[in-house]
Amino acid sequence: MTLSKNFEHQINENKWYSHWLDKQYFKSTPDERTPYTIVMPPPNVTGVLHMGHCLNNTIQDILIRQARMKGFNACWVPGTDHASIATEAKVVAMLRERGIAKSSLSREEFLSYAWEWKEKYGGIILQQLKKLGCSLDWDRTTFTMDKDYYDSVINIFMDLYKKGVIYRGKRMINWDVKALTALSDEEVIRKETRQKLYHLNYAIEGTNDFITIATVRPETIMGDTAICVHPDDERYKHLHGKFAIVPLINRRIPIIADDYVAMDFGTGALKVTPAHDVNDYALGQKHQLEVVDVFNDNGTLSEDAQIYVGLDRFDVRKKIAIELEEKGYLIKTEEYTSEVGYSERTDVVVEPRLSMQWWLSMKDISSPALKSVMEEEIKFYPPKFKNVYRHWMENIKDWCVSRQLWWGHRIPAWYHESGKFVVAKNEKDAIALFETEHNISNAVLKQDEDCLDTWFSSWLWPFEVFKGYSNPNNADINYYYTTNTLVTAPEIIFFWVARMIMAGYEYMDVKPFQEVYFTGIVRDKQGRKMSKSLGNSPDLLELIDQYGADAARFGIMISSPAGNDILFDEAALEQGRNFNNKIWNALKLIKMWEARQTHEHNNENEFAINWFENRLSEVSIEVEQMMQQFKLSEALKTIYTLIWDDFCSWYLEWVKPGYEQPIQANVYNKTIEFFTELMQLLHPFMPFISEEIYHQLTERTDDLCVRLYAEKKSPNQTQLDQGLLLKQVISGIRDIRNKQQMKPKDSIKLFIQTENSVVFESLNSILSKQVNAEEISFASDTVPNSFTTVIGKDKFYILTEQPIDLSTQKSALEKELNHLKSFLMSVEKKLSNEKFTQNAKQEILDLEYKKKADAEMKINIIELSLKDMAG
RNA sequence: GGGAGUUUAGCUCAGUUGGUUUAGAGCAUCUGCCUUACAAGCAGAGGGUCACAGGUUCGACUCCUGUAACUCCCA
């Protein structure tokens, strides 16, 4: 069978992924092996694969595949999150396109549309992960609104309510006027926004005097219930206790003093609007101010505003500014930039708003979770996130868990017309409970219309995917939990990671995972975050189509240093594709040898084989260490160099027979063995091409995907050093050939002046092949009319037929000589420093003496050569 | 305003407890090669006062202080 010109990724990806599935390699059930478990951060059920997922899931697949090949029972659990706000928004948009308004539907009708939509489009992302090669146990796919999962969420809500940590309360929340729901602080994105600062005059009651306040929100003045100044502010001391009149609506409001006010900001006088600003609300509570809410749910002005009723808040801002100006209240405006909160989901300006919501008190539940990370019971990589985590946990605020949505887990609270309520699983339980608690019979109860925050379900993920709460102590949860590694983006450290740790301790009594690896954020070449609005997010599936899944995995991993953001550049995928091509060509070369084996034996290739064997051990050990420290990018880089440079550029060239010449069978077999091991090292990173090569190399009954790694012996350092020396000698001589513009076909005669001729004897056959030397011999003295180079302690003379122009070589040697001389000087200076010789450790001293001796010797050799040239 | 982090070659990054031949890699660049595995390639080369200023030390990319720029998080 002839091999294709290049690796055909599309065919191979389909072939191998379905083969792996057929063989059930990704399926895990508890057995006598040690488990290695990862739960995948569930993407939104509405999601499509983007670069962030690609990075995240490639990392997880690398860890899982490596664990599998190390003999662990590897289990990687997939799933999706119902993503209440995002999904509901999509369904609402879909209905709008069909001409259906959400408000015209009942809850049940809406939910049936939502489920229909979910069944049709949900989980596309899981199919896309298969394209990437992810080795997930698909039988374990979980959705956060699966029956059992749903029940667990509700039961946990009830449990926390019983424990007294869930409560109902009117608090200032972030209101999304588009999605018509409360948002948690973490769902609000602050952005620098250019605004106008309006200076407005409020009349002082009973005088002709005015007080000037500065505000960016003139549309809220109808909600003003006080003006506040700093108690020490001389400008306003005479106004303490007086009243001001709100323009346009003529409300009488007190002028109060509080040191909260910054004297140097604006005019030093602050209008207080308790219903529409968090700080004003706190101030209002302190001074017992009235609360006037001038907005409706959707951001239009309410009846209480008295004017502009029904108009949108931003329209009113413009209109009221004009009216205020016309009536003489507006005295000036200035440009002002400040941070404004936007909804993460809908990107509208968030409105602070007083509202009745459900809250989870965080103080007690968070303390074991803080301790666990601080004491490295759970380890964070990179560790810098420990600080971030601590800071948040120590200043934690109560969690608003209710959302004004229909898609999600409906809050199990039941209300009576009297306003009394109970928390219960269903209507029947609720009525029974209500009757005993409140002694009212035949009560008619209505369930809370709201849903729980999405994260209130995802915080159970690590144990509920194994039904650890719904079916306690089952075989799976006992075997797989605590999971091993959580791989996630730092953006959701508070949303998700912290809360999973809390839930783990609260409900399983143990931590949910051993360690958390935080990936970087994927940015574009210019360092901008990838986003739909910028249009800088490439279509991953198209990239996979074009370059192949292995190349995509390579590209994203090679540019992903541990703990840093990654700047994504398509060039990295190209590099990955080129790497595929390189590997494929090495296969083609070796396949050409297959039919040309001979059993005649000689020792010519012994050195190459020994050296590569040691090099392979050395790198395998290095890679293992890097993996343990999550230096995945470095590990891949190391394997890349091993394959491309050591294997292809050196080893294969060293053992390669001449054109159409035979190859010794033992060399051929060793080469197949090496290539196999290289593919095994590479497999977690690039699963498809490695599996294909594994099967191309020789007839196999097993698959690389599940082949166990062999133990590696520690390498022989002498062998490695000799290999390094050989490479340096070859490069050095090639450099001279290059500089003298010799053609590859021009052969040379090589003379080596060395004290170590035994070593070179074993290297000679390779050396002559690699530098095209027709003859290699040893010299005890300088060789006239030759080009010279010094490598280590040895001197090499190159004789050619070409006319010799020594000028380039002379200047090169002089440059080298200068460098060595200044180096020597610095060493000597150090050694003549008594303080150094007294204080430095002996091994450092010895090293310095060695440096000195080596430098002196090299200087000597070079000076001799230069003298010869002159002569 | 508070906190955390970053600053090393044109770009992206390594650099372990201060001493390892006066800083390493990949990409990009330059030179020469279409050499029967590979031009998506081969063989070489060039390129850095380690942000700046002080300090500690026999010795600082590495430790300390300050300055500047950038990034992120929280108000």
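Lettering follows sequence order; numbering is per chain, from 1.
Checking Lys656(A) against Tyr640(A), the closest nucleotide of RNA chain B that is more toward the 5' end is the one next to Tyr640(A). Each of Lys637(A) and Ser649(A) was assigned the nucleotide of RNA chain B with the nearest heavy atom; the assignment lying further toward the 5' end belongs to Lys637(A).
Taking atom CG of residue Leu847(A) and atom C1' of nucleotide rG59(B), one finds them 14 Å apart after rounding to whole Å. Between Gln629(A) atom CD and rA14(B) atom C1' there is a gap of 12 Å when expressed in whole angstrom units. To the nearest angstrom, P of rU21(B) lies 18 Å from CD of Glu828(A). For the pair Lys591(A) NZ and rA37(B) P, the interatomic distance rounds to 16 Å; values are reported in whole Å. Remark: P of rU12(B) and NZ of Lys631(A) are 21 Å apart, rounded to the nearest angstrom. Atom NZ of Lys858(A) and atom C1' of rU21(B) are 7 Å apart (whole Å). Computed from coordinates, the Lys384(A) NZ to rG5(B) C1' distance equals 6 Å when rounded to whole Å.
Salt bridge annotation for Lys793(A)-Glu755(A): absent, with no cationic side-chain nitrogen under 4.0 angstrom from a carboxylate oxygen.
Outside the 6.0 Å centre-distance limit, the rings of Tyr517(A) and Tyr381(A) are not counted as a close aromatic pair. Taking the six-membered ring wherever Trp is involved, the centroid distance between the rings of Phe675(A) and Phe647(A) falls below 6.0 Å.
Remark: the Lys582(A) side chain and the rC38(B) base include a donor-acceptor N/O pair separated by less than 3.5 Å. At a cut-off of 3.5 angstrom, counting only N and O atoms as typed in the model, there is no donor on one side facing an acceptor on the other between the side-chain of Arg734(A) and the base of rA43(B). Residue side chain Gln575(A) does not reach the base of rA28(B) through any donor-acceptor N/O pair under 3.5 Å, judged by distance alone.
For Asp721(A) and Gln717(A), the side-chain atoms include at least one donor-acceptor pair closer than 3.5 Å. Between the side chains of Gln770(A) and Arg734(A), at least one donor N or O sits under 3.5 Å from an acceptor N or O.
Taking the side chain of Lys835(A) as heavy atoms from C-beta on, and the options rA75(B), rC58(B), rA37(B), the nearest nucleotide is rC58(B).
Note on Asn833(A): only backbone sugar-phosphate atoms sit closer than 4.0 angstrom, heavy atoms only; bases stay farther off. Across all strands, Ala571(A) comes closer than 4.0 Å to no nucleic acid atom at all (heavy-atom distances). Counting non-hydrogen atoms under 4.0 angstrom, Trp644(A) reaches the backbone sugars and phosphates but no base. Residue Ser822(A) is in base contact, counting any heavy-atom pair closer than 4.0 Å across all strands shown. Residue contacts for Ile844(A): at a heavy-atom cut-off of 4.0 Å it reaches a base atom on one of the strands shown. Looking at heavy-atom distances under 4.0 Å, Asn580(A) makes no contact with the nucleic acid at all. Looking at heavy-atom distances under 4.0 Å, Glu653(A) makes contact with a base. Across all strands, Lys850(A) comes closer than 4.0 Å to base atoms (heavy-atom distances). Asp735(A) comes within contact range of the sugar-phosphate backbone alone, with a heavy-atom separation under 4.0 Å but no base atom that close.
Under the Watson-Crick or G-U wobble criterion, with both distances below 3.5 Å, rG1(B) is paired with rC74(B). Look at rG54(B): its Watson-Crick or wobble partner, with both distances under 3.5 angstrom, is rC64(B). Across all strands shown, rA28(B) forms no Watson-Crick or G-U wobble pair with both key distances under 3.5 Å. Across every strand in view, rU21(B) sits unpaired, with no contact that passes the Watson-Crick or G-U test at under 3.5 angstrom. Across all strands shown, rG47(B) forms no Watson-Crick or G-U wobble pair with both key distances under 3.5 Å. Summarising the base pairing, rA37(B) is matched to no nucleotide, lacking a Watson-Crick or G-U wobble pair whose two defining distances lie under 3.5 Å.
Close to rA40(B), at under 4.0 Å from its OP1 or OP2, lies no side-chain N or O of Lys5(A).
Each of Tyr389(A), Phe385(A), Phe630(A) was scored for a ring pair (Phe, Tyr, Trp, His ring centres under 6.0 Å) with Phe380(A), with one residue passing: Tyr389(A). Tested against Asp854(A) for a salt bridge (charged side-chain N to carboxylate O under 4.0 Å, His left out), the candidates Lys858(A), Lys851(A), Lys850(A), Lys852(A) yield a single pass: Lys850(A).
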